[in-house]
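This report concerns only the one structure given below.
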Amino acid sequence: MTLPIHQARAAIVDALAKHASVIIEAPTGSGKSTCVPSFLLDGGLAGHGIIRILQPRRLAARMLARRVAALRGGVLGDEVGYQVRFDNRTSARTRICFETDGISLRRITQSDPALRDTAILVFDEFHERHLFGDLMLGLATQLQSGLRPDLKLVVMSATLNTRELEAYLPGAKVIRAEGRTYPVEIQHIPPNAAFEKAPLWEQAAKMLPTALRHAPDGDVLIFMPGAYEINRTLQTLAHTPAASGRLLLPLHGSLPPAQQDQAAGTGAGSRRIIVSTNIAETSLTIEGVTAIIDSGLVRQAGYDPHRGINTLLTGKISQASAAQRTGRAGRTAPGIAIRLWTERDHQKRALHETPELLRIDLCETALQLKLAGIDDIAGFPWITPPQPQHIENAMVTLTLLGAIDRHGSITPQGRRMAAFPLHPRIARMLIAGDGKDCIPTLCLIAALLQEQSILLNSVDERIRERRRQLAGPEAASDLTLLINAWHFVRERQYTREAGDEIGVQLQAARTVEALQRQLLQIAESQGLYGYEKQPDMDCVYKAVLTAFPDRLAVRIAGDRCSLSGGRRGSTHPSSIVSRQHTLLVAADVQETTVGKNAVDVILSLITAVREEWIDDGFGASLHMRREVGLDTVQAGRVVAEEQTCFGDLVIRSRRRTEVTPDEAAYVLAREVVAGRLSIKAWDASVEEWIARINLVATHCPETGISAIGDEERAAMMEQMIHGAMGSKDVKHANVQPVLSQWLSPLQTATVETMAPNRIRIENGRTPRIQYNDPSGPFIAMRVQELYDTNTLPKLCNGAVRLKAQILAPNQRPVQITDDLKRFWSESYLQIRKDLRGRYPKHEWR
DNA sequence: CTCTCCCT
């Protein structure tokens with residue numbers, strides 16, 4: 001059979017012979033992943049070197065290698081091989097190697113920085129923009145312009161952001177090829193407020209009959225953002241007539257493999273409705289789907305570089321992602337895709353998904369680049385550069401972990417950490433266990449933290465009870481449950497019964513064993529020692545704290561905790577750590593959507609911490625603080641606390657009752673300024689006097705009088721209330737003595753002159769001046785009282801114009817002006833006309 | 001309303 005890509009064969013070989021890089025844009029089904037490597041090898045482009053095809057997924061690397069080996073009539077591992085984690089099927093004869101991008105990245109940073117044995121790097125599925133692929137492409141372009149001008153690059157993609165990539169690879173030849181799929185009709189919902197307000201699962205159920213009318217003979221695939229929405233959809237469909245007679249199946253990552261296979265395989269006769277997360281968008285292909293109902297939403301892990309916090313939020317998918325989901329309905333026959341968002345919404349959506357490197361914590365990336373000799377992280381040839389703040393956060397964390405020094409260079413400890421295929425925090429934890437007789441347990445914890453959770457999350461009460469028994473009473477760490485659960489199933493040879501008894505995902509538990517073994521080997525090669533029979537769990541937990549010192553938390557009440565940075569959060573409901581522990585460290589802190597529009601910070605994988613551990617490891621970061629404030633319980637008394645702080649987080653406070661009169665005055669005065677307490681004698685006339693002082697201070701700086709703000713008010717009040725020890729002593733404080741002595745006699749006289757209480761105007765009257773108005777000082781007078789006055793005096797040695805608020809006979813203001821002459825000649829005429837009729841007995845000139 | 005998905 002000939003695939004569409006064959007028509008491009010000559011063009012591809014020719015292009016790569018002449019250019020250092022080639023971009024191949026071809027949709028799914030074009031056969032590019034299986035064919036292009038052979039074109040290149042048979043075209044003689046690889047010389048004696050290896051063609052490495054980078055894949056984002058292990059499964060794809062294995063399957064493609066099998067298929068290509070078979071197509072070329074060879075044995076897997078001979079000419080054609082693959083390498084993924086824990087599984088290497090290559091030999092000295094291998095010329096075409098399918099490998100995961102993580103394997104390639106480790107090779108280039110750890111063992112072979114010049115990729116000496118490699119002739120061509122082929123990046124498959126590049127449009128998915130995974131972190132490792134992006135990094136590899138950057139490093140490969142650096143090699144091309146340095147050690148390896150002969151290295152050739154092929155970047156393949158279904159829907160490419162081609163312009164961005166062409167700009168990134170100047171001189172690259174672009175080749176486009178056709179795909180081969182069946183047409184899929186796309187229907188957006190029309191704008192309809194009532195429909196859009198209904199829950200997602202009801203929307204999906206309502207559109208089911210339309211989907212089935214267009215594609216009655218295939219399976220239906222419904223995309224939902226997460227497990228919760230999937231379960232609600234299944235419940236709704238169970239009562240939907242159109243769905244009757246069809247098999248209803250959930251599909252998401254935390255289902256046991258057997259259930260995933262049931263959804264991913266062919267239906268074997270009965271027609272199905274599969275409700276899935278994003279797992280069905282690229283990772284799993286479901287045969288026989290002809291109708292898609294797409295919620296258009298995705299739950300996505302992220303990282304907020306400004307707050308430095310991990311997130312897991314529900315968001316809208318991009319146009320490219322929607323197209324990919326749509327394509328899932330056209331693999332075997334023409335199909336239909338119903339999108340639960342409007343055409344207008346669609347046009348406003350992002351063209352592509354955000355590249356992973358902009359969405360995740362960059363600690364591990366930065367450390368790997370430092371190891372590769374790239375000290376200036378911002379200067380790396382990023383395809384899409386991360387924000388400076390984002391890089392800065394990684395530097396702060398790496399410094400905290402001792403992986404880089406204050407010049408930003410990698411330390412010997414940093415090199416040791418980078419040898420582990422782990423987040424630098426977790427690598428730091430292993431190193432903290434050096435010589436402490438707990439390395440195997442720490443390697444196990446590292447594997448458990450790094451991989452998907454081995455514990456199933458929706459389990460019944462019986463299993464929860466078994467888990468509580470397994471963790472023991474008054475558990476001090478959620479990690480203990482993970483460790484014990486893992487040992488439980490491993491000692492029983494990962495039998496189904498053992499897994500069911502405590503709700504463990506056996507596949508994940510097996511992966512943990514393989515990873516632990518790999519980590520132990522690396523630990524040995526890095527010279528870590530300490531191989532226990534019975535681990536000292538205190539040492540283990542201290543090592544955990546070393547990895548996450550900035551994720552220390554203090555329980556306030558129940559599930560609520562305070563974290564550093566003034567944040568609040570809740571412990572995860574699955575936590576088994578006893579409530580009596582108040583000082584905690586969380587290995588995972590994530591901001592998560594809760595409810596329709598709210599978010600909360602969730603702390604999981606919690607370990608109770610003893611204060612002396614902080615002293616041991618981070619004594620330098622601890623400091624004492626004396627905090628004085630109003631007692632919340634015994635209301636009104638000023639009390640003091642002695643606080644032990646770690647950064648800005650108060651980890652312990654001791655109540656102290658002795659408060660000095662100075663401290664009490666300080667606290668109470670600020671309560672008054674904030675408006676929560678009042679001094680009876682501090683009335684409007686006091687504020688008026690302050691306004692006069694401030695006017696002079698602003699406009700006559702030569703007098704040396706300074707303005708009175710909140711701090712100065714508080715300072716005055718401290719003197720007035722000195723000796724008061726509680727809020728009830730404040731009210732009758734004596735104001736005048738302090739107020740009158742605030743300024744020297746000369747300054748007081750200056751204020752009286754520059755900003756007098758009363759002032760004589762042209763017609764001989766002496767009105768009072770009102771100072772306490774944001775627009776400036778003014779006199780308020782009835783029209784008649786202003787007759788024979790054309791100019792107003794000035795204040796502050798002529799620097800401030802006095803205003804007149806002109807009142808009607810009933811004292812209502814009609815105008816405010818600082819130009820009386822103009823008033824008489826202009827607006828007065830109209831005002832007189834209006835008022836004369838109403839007040840005929842008054843004098844009107 | 002307990003947890004999207006990959007990878008060294």
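To find a chain, count down the sequence lines: A is the first, B the second, and so on, and within it residues start at 1. Given the structure is predicted, the values throughout are model-derived calculations rather than measurements.
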Residue pair [X] / [Y], side-chain donor-acceptor N/O under 3.5 Å:
X         : Y         : answer
Gln469(A) : Arg466(A) : yes
Arg349(A) : Ser318(A) : no
Arg129(A) : Thr384(A) : yes

Out of [options], which has the shortest distance to the side chain of [X]?
X         : options                : result
Ile279(A) : dT2(B), dC5(B), dC3(B) : dC5(B)
Tyr228(A) : dT4(B), dT2(B), dC1(B) : dC1(B)
Pro573(A) : dT2(B), dT8(B), dC6(B) : dT2(B)
Thr592(A) : dT2(B), dC3(B), dT4(B) : dC3(B)

Problem - Partner residues of Phe380(A) under the ring pair (Phe, Tyr, Trp, His ring centres under 6.0 Å) criterion, sequence neighbours left out - result: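 Phe380(A) satisfies ring pair (Phe, Tyr, Trp, His ring centres under 6.0 Å) with Trp382(A) once adjacent residues are dropped.
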Practice task
Tell me, please, which residues at least two apart from His390(A) pass ring pair (Phe, Tyr, Trp, His ring centres under 6.0 Å).
Solution key: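 Expected list: Tyr303(A).
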Practice task
Would you mind telling me which residue lines up with the more 5' stretch of DNA chain B, His572(A) or Gln83(A), judged by nearest nucleotide?
Solution key: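 The residue mapped nearer the 5' terminus is His572(A).
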Handout entry: Residue mapping more 5' on DNA chain B - nearest nucleotide basis, Ser604(A) or Thr100(A)
Key =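 Nearest-nucleotide comparison on DNA chain B picks Ser604(A).
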Handout entry: Contact list for DNA chain B against residues 52-62 of chain A - heavy-atom distance below 4.0 Å
Key =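 Hits under 4.0 Å, by residue number: Pro56(A), Arg57(A), Arg58(A).
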Handout entry: Nucleic acid contacts - residues 101-113 of chain A versus DNA chain B, non-hydrogen atoms under 4.0 Å
Key =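 Nucleic-acid contacts, sorted: Gly102(A), Ile103(A), Arg106(A).
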Practice task
Taking only Lys NZ, Arg NE, NH1 and NH2, and the carboxylate oxygens of Asp or Glu, determine whether Asp117(A) and Arg52(A) approach each other closer than 4.0 Å.
Solution key: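 Yes, Asp117(A) and Arg52(A) are salt-bridged.
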Problem - Salt-bridge present (Arg462(A), Glu501(A); N to O < 4.0 Å) - result: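 No.
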Problem - Ser574(A) side-chain N/O to dT2(B) phosphate OP1/OP2 under 4.0 Å - result: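 Answer no for this pair, as no side-chain N or O of Ser574(A) is under 4.0 Å from OP1 or OP2.
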May I ask you to say what [X] touches in the nucleic acid, namely base, sugar-phosphate or nothing, with a heavy-atom cut-off under 4.0 Å?
X         : result
Ser453(A) : nothing
Ala227(A) : sugar-phosphate
His130(A) : nothing
Gln452(A) : nothing

Please tabulate, one pair per line, all N/O donor-acceptor pairs under 3.5 Å involving side-chain atoms of residues 426-433 of chain A, not counting sequence neighbours.
from: Arg428(A); atom 1: NE; to: Leu401(A); atom 2: O; distance (Å): 3.2

Length of the line joining [X]:[atom1] and [N]:[atom2], which is rounded to integer Å:
X         : N      : atom1 : atom2 : result
Leu251(A) : dT4(B) : CG    : C1'   : 13 Å
Glu229(A) : dT2(B) : CD    : P     : 12 Å
Leu456(A) : dT2(B) : CG    : P     : 16 Å
Asn231(A) : dC3(B) : CG    : P     : 13 Å
Gln300(A) : dT4(B) : CD    : C1'   : 8 Å
Asp478(A) : dC3(B) : CG    : C1'   : 14 Å
Ile606(A) : dT2(B) : CD1   : P     : 15 Å
Asn457(A) : dC3(B) : CG    : P     : 8 Å

Exercise for the section: May I ask you to verify whether the side chain of Gln368(A) and the base of dT8(B) hold a donor-acceptor pair under 3.5 Å? Expected result: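 Per atom types, no contact qualifies.
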Problem - Expected output: side-chain Asn310(A) to main-chain Gln590(A) donor-acceptor under 3.5 Å - result: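 Looks like no, no N/O pair under 3.5 Å.
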Side chains of residues 55-65 of chain A: which donor-acceptor partners sit under 3.5 Å, not counting sequence neighbours?
from: Gln55(A); atom 1: NE2; to: Asp124(A); atom 2: OD2; distance (Å): 2.9
from: Arg57(A); atom 1: NH1; to: Glu128(A); atom 2: OE1; distance (Å): 3.0
from: Arg57(A); atom 1: NH2; to: Glu128(A); atom 2: OE1; distance (Å): 3.3
from: Arg57(A); atom 1: NH2; to: Glu128(A); atom 2: OE2; distance (Å): 2.8

